[in-house]
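For reference, positions follow the sequence shown, starting with 1. What's counted below: heavy atoms across the whole structure, side chains too, no hydrogens, waters or symmetry copies.
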Amino acid sequence: IRAKGLAWSDCFAAARLIRTLKRRAFRLGEDYSVAELLVRTRQTEKLTRLVWEPLCLAALNTPAGRASAQIFANVLRDSLAAGASASELLLPRVDLTELLPEPASLYLLQRGNPVHLGCRIRAIRPEGEAFRLDGAPGDGVFSHVVIATAPWQVAALTAEFSELARLREQLAALTNEAITTVYLRYEPALRLARPMIAQDGRFLHWVFDRSQLGGPEGLLAGVISAADTSLPREEFALRAHLDIEHLFADRGRHLPSPVWSQVITEKRAGFAATPGLSRPIALTPVRRLLLAGDYVASDYPATLEGAVRSGLAAASAVMRSEGMSPP
């Protein structure tokens with residue numbers, strides 16, 4: 001309601017969408033595209049362009065025209081339709097390794113639980129009621145195994161389990177979306193008005209000022225969701241620079257070329273969150289062998305939140321199988 005740049009018609013349209021989803025308890029009954037959901041709930045062009053389409057692309061990494069309306073509804077249920085704190089945007093000032101994996105490893109080590117890094121597991125083999133991991137330290141035999149890898153790595157790890165053939169076929173059918181990040185370093189150092197800026201109708205969807213997030217001065221990072229991987233790196237860098245110039249156009253500044261640039265494209269950044277997508281569950285036909293990852297069946301798209309919840313669910317299943325109560 002208080003958002004700048006929106007008319008009352010836009011605000012009423014947003015309320016109409018949320019009310020419609022609430023009446024249905026955020027269950028659509030059938031799955032179709034986000035674009036179709038926006039048409040059915042009579043969303044305005046401005047609200048669609050400035051709010052719904054960027055939110056869909058950011059959360060699902062899939063354009064609204066082919067993104068799942070049900071998964072999008074789940075995201076809205078736990079954000080805009082939840083408490084105020086659920087929509088707070090938190091930007092970490094350290095990298096993700098320092099934010100979670102390192103403290104988690106330290107927590108385990110302090111309680112006498114070994115953590116082995118740099119051990120490449122080549123295969124999982126049945127050994128009686130247990131499993132042998134090729135490449136694991138010690139005897140490599142474990143009572144339970146949680147496969148917390150990317151989905152395309154599961155097939156090679158489970159090749160010796162014929163009962164997982166259907167799972168391997170299911171994972172092979174998943175399609176992926178790319179994310180490209182363009183890093184540009186400027187001297188003299190540039191500073192954005194905010195640590196993170198969304199762009200309307202530009203090549204870069206989001207621009208981050210790394211200096212405001214614990215990084216070096218003058219380093220900007222532009223992110224393109226569902227990126228076109230056919231573009232050459234030079235074109236990515238050039239078009240990103242033009243977008244940065246656009247951000248400073250109202251200040252009458254002509255920006256020099258960046259002194260350094262790097263383009264990183266993750267072609268399989270996450271699965272395409274399309275309507276009616278079939279995703280595997282955490283439990284497999286092999287007893288005590290489980291899956292964890294953002295691709296495992298859940299309400300969420302390919303996000304860190306989905307991956308973390310999947311890991312917690314897998315850990316709880318292991319504890320229950322041992323007669324322990326999950327926390």
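Counting heavy atoms from C-beta on, the side chains of P63 and C56 never come closer than 4.5 Å. Residues T41 and L37 are in side-chain contact: their nearest non-hydrogen atoms beyond the backbone lie under 4.5 Å apart. With a 4.5 Å cut-off on side-chain heavy atoms, V154 and T149 count as touching. Between L89 and M196, the closest side-chain pair of non-hydrogen atoms falls below 4.5 Å. Side-chain contact between S261 and R185: absent, with no pair of heavy atoms (C-beta onward) separated by less than 4.5 Å. Counting heavy atoms from C-beta outward, L60 and L55 have side chains that stay 4.5 Å or more apart. Counting heavy atoms from C-beta outward, D200 and L50 have side chains that approach closer than 4.5 Å. In this structure the side chain of L184 never reaches within 4.5 angstrom of the side chain of L219, judged on heavy atoms.
The same ILVMFWY cluster, assembled from side-chain heavy atoms under 4.5 Å apart, contains both L157 and L291. There is no path of hydrophobic side-chain contacts, each under 4.5 Å, that joins L167 to V146. Cluster annotation: L6 is not connected to I197 through the hydrophobic network of ILVMFWY side chains, with a link wherever side-chain heavy atoms come within less than 4.5 Å. Taking hydrophobic clusters as Ile, Leu, Val, Met, Phe, Trp and Tyr residues chained together by side-chain heavy-atom distances below 4.5 Å, L238 does not share a cluster with L247. When hydrophobic clusters are built by joining Ile, Leu, Val, Met, Phe, Trp and Tyr residues whose side-chain heavy atoms come closer than 4.5 Å, directly or via intermediates, L80 is grouped together with L28.
Between the side chain of E266 and the backbone N or O of R268, at least one donor-acceptor pair lies under 3.5 Å. Side-chain atoms of S321 come within 3.5 Å of backbone N or O of V318 as a donor-acceptor pair. With T284 contributing its side chain and L289 its backbone, the two residues share a donor-acceptor pair below 3.5 Å. Remark: the backbone N or O of G306 is not paired with any side-chain donor or acceptor of D294 at under 3.5 angstrom. Counting only distance, with no hydrogens or angles, the side chain of D134 and the backbone of R122 share no donor-acceptor pair below 3.5 Å. Judged by distance alone, the side chain of K46 and the main-chain N or O of G5 form a donor-acceptor pair under 3.5 Å. Put simply, the side chain of D243 gets close to the backbone of L204: a donor and an acceptor are under 3.5 Å apart. For R191 (side chain) and E217 (main-chain N/O), no donor-acceptor pair under 3.5 Å exists by modelled atom type. Using modelled atom types, one side-chain atom of S87 and one backbone atom of S79 make a donor-acceptor pair closer than 3.5 Å.
Here the shortest heavy-atom pairing between G65 and S33 reads O-CB, 3.5 Å. Closest non-hydrogen pair, P151 versus L171, comes out as O-CD1, 3.7 Å. Across all non-hydrogen atoms, the minimal contact from A269 to A178 is CB-C, 4.2 Å. Nearest heavy atoms, A59 versus V75: CB-CG1, 4.1 Å. Scanning all heavy atoms of the two residues, the minimum distance from L192 to F208 falls at CD1-C, 4.1 Å. For the pair D78 and A86, the tightest heavy-atom approach, listed with the atom from each and the gap, is O-CB, 3.5 Å.
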Take T62 and F271, measure what side chain to side chain contact (heavy atoms under 4.5 Å, CB included) needs, and give me the verdict at the end.
-> CA-CA 9 Å; T62 308; F271 62 84; over 6 Å; no

Verify side-chain hydrogen bond (donor to acceptor under 3.5 Å, both in side chains) between S298 and R309, making sure each step is shown before the conclusion.
-> CA-CA 9 Å; S298 74; R309 291 188 178 203; over 6 Å; no

Please test E235 against R239 for salt bridge (Lys or Arg N to Asp or Glu O under 4.0 Å), starting from the C-alpha separation and ending with a verdict.
-> CA-CA 6 Å; E235 185 169 348; R239 295 179 66 176; 3.5 Å; yes

Derivation of the side chain to side chain contact (heavy atoms under 4.5 Å, CB included) call for L106 and E102 | CA-CA 6 Å; L106 182 61; E102 288 182 354; over 6 Å; no

List the steps, then state whether side chain to side chain contact (heavy atoms under 4.5 Å, CB included) holds for L220 with L190.
-> CA-CA 8 Å; L220 306 181; L190 297 180; 4.2 Å; yes

Can you list the steps and then say if R77 with D299 is a salt bridge (Lys or Arg N to Asp or Glu O under 4.0 Å)?
-> CA-CA 10 Å; R77 178 197 64 204; D299 286 349; 3.0 Å; yes

Full working for side chain to side chain contact (heavy atoms under 4.5 Å, CB included) between I147 and L290 = CA-CA 6 Å; I147 305 177; L290 301 95; over 6 Å; no

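Within 6.0 Å of CZ in R49 there are more than 12 heavy atoms belonging to other residues, nucleotides or ligands. Within a 6.0 Å radius of CG in L304, other residues, nucleotides and ligands contribute 12 heavy atoms or fewer. More than 12 heavy atoms of other residues, nucleotides or ligands sit less than 6.0 Å from atom CD of E45. Shown here is Y183, whose OH atom has no more than 12 heavy atoms of other residues, nucleotides or ligands within 6.0 Å.
A donor-acceptor pair shorter than 3.5 Å cannot be found between the side chains of E177 and S225. There is no side-chain donor-acceptor pair under 3.5 Å between S257 and H241. Using modelled atom types, one finds a donor on one side chain and an acceptor on the other under 3.5 Å when comparing W52 with Q43.
Distance check: L164 CG to Q170 CD gives 11.5 Å after rounding to the nearest 0.5 Å. One distance of note links CG of L231 with CD1 of I224; it measures 8.0 Å at 0.5 Å rounding. R233 contributes atom CZ, which lies 9.0 Å from atom OG1 of T180 (distance to the nearest 0.5 angstrom). The CG atom of L277 sits 6.0 Å away from atom CG of L174, with the distance rounded to the nearest 0.5 Å. Atoms CD and CG, from Q212 and L91 in turn, are 9.5 Å apart once rounded to the nearest 0.5 Å. To the nearest 0.5 Å, atom CZ of residue R279 and atom OH of residue Y300 are 11.5 Å apart.
In this structure, R16 fails the cation-pi test against F12, since its NZ or CZ atom is not both closer than 6.0 Å to the six-membered ring centre and inside 45 degrees of the ring normal. For R288 and F142, the positive end is not near the middle of the six-membered ring at less than 6.0 Å and at most 45° from its axis.
Under 4.0 Å is where a charged nitrogen must lie from a carboxylate oxygen, and between E36 and R66 no such pair does. At a threshold of 4.0 Å, the pair R40-E30 counts as salt-bridged, since one of the basic side-chain nitrogens sits closer than that to a carboxylate oxygen.
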